[in-house]
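As structure tokens, the structure follows; a few thoughts come after it.
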Amino acid sequence: MPLTLTEQDQLTLRTAAYGAVTLMSAADATGKPHKSATEGSIALASATGPIGHVLATYPKELKLDHKSVAAIADQVLPALTAAMRLLKQQAPAEADNFRNTVLVATEAAARTHQGQPSPTLADMTRKITEALDAA
């Protein structure tokens with residue numbers, strides 16, 4: 001079944017994916033947040049298939065509330081779940097592709113440090129994974 005996404009569907013996917021990278025960057029505020037954001041964004045831009053085409057464009061209309069990490073999470077975590085629900089209904093293989101792409105991006109964002117990611121980054125990765133799996 002081909003994947004047919006409205007503009008709003010595409011915005012949801014982009015908000016979820018780029019928002020996850022933003023969350024990782026915000027959780028790394030005392031470390032290397034710019035490097036974290038860069039590495040995560042490169043991972044998203046490297047996606048393939050229909051998801052790769054959607055994520056190839058950064059969502060200029062993306063408006064995340066940057067008052068706090070909690071405010072960003074309030075927008076992004078539900079978007080991750082909504083994106084997975086949408087994709088599972090339309091194209092389950094693309095749901096797996098999206099999930100894997102987001103997890104690779106979060107891993108790339110967390111790898112900016114030598115050794116293990118900080119407990120804060122590990123916890124944010126767990127929250128992102130739970131939101132993806134809640135669908």
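Every value quoted in this text rests on a predicted model; they were computed, and no experiment measured them. The first residue of the sequence shown is numbered 1, and numbering continues consecutively from there.
With hydrophobic clusters built from ILVMFWY side chains whose heavy atoms lie under 4.5 angstrom apart, Val76 does not share a cluster with Leu11. Cluster annotation: Ile72 and Tyr58 are assigned to the same hydrophobic cluster (Ile/Leu/Val/Met/Phe/Trp/Tyr, side-chain heavy-atom contacts under 4.5 Å, transitive). Residues Leu62 and Leu5 fall within the same hydrophobic cluster, defined by Ile, Leu, Val, Met, Phe, Trp and Tyr side chains chained together at heavy-atom separations under 4.5 Å. Criterion: ILVMFWY side-chain heavy atoms under 4.5 Å apart, direct or through other members. Under it, Val104 and Leu132 are not part of a common hydrophobic cluster.
The heavy-atom pair separating Leu13 from Ala83 by the smallest distance is CD2-CB, 3.4 Å. Nearest approach of Asp28 to Ser36, heavy atoms of both residues: OD2-CB, 3.8 Å. When all heavy atoms are compared, the tightest approach of Tyr18 to Thr57 is CE1-O, 4.1 Å. The shortest heavy-atom contact between Ala73 and Pro78 is O-CD, 3.5 Å. Closest approach of Thr81 to Ala131, counting heavy atoms only: OG1-O, 2.6 Å. Annotation for Arg85 and Ala134: closest pair NH2-O, 4.1 Å, computed over non-hydrogen atoms.
With values rounded to the nearest 0.5 angstrom, Asp9 atom CG is found 9.5 Å from Thr4 atom OG1. Met24 CE to Lys127 NZ: the interatomic distance, rounded to the nearest 0.5 Å, is 11.5 Å. Distance check, rounded to the nearest 0.5 Å: CZ of Arg99 to CG of Leu87 gives 13.0 Å. The distance from the CD1 atom of Ile128 to the CG atom of Asp133 is 12.0 Å, given to the nearest 0.5 Å. One distance of note links OG1 of Thr129 with CG of Leu80; it measures 9.5 Å at 0.5 Å rounding. The distance from the CD atom of Glu39 to the OG1 atom of Thr106 is 13.0 Å, given to the nearest 0.5 Å.
Between Arg126 and Asp123 a salt bridge is recorded (basic side-chain N to carboxylate O distance below 4.0 Å).
The closest donor-acceptor contact from the side chain of Asn97 to the backbone of Thr48 lies under 3.5 Å. In this structure a side-chain-to-backbone donor-acceptor pair under 3.5 Å is missing from Gln75 to Thr15. Judged purely by atom type and a 3.5 angstrom limit, Ser46 uses its side chain to pair as donor or acceptor with the backbone of Ile42.
With a 6.0 Å radius and a threshold of 12 heavy atoms from other residues, nucleotides or ligands, His66 has its NE2 atom above the threshold.
Leu44 is listed as a side-chain neighbour of Thr101, based on a closest heavy-atom distance under 4.5 Å.
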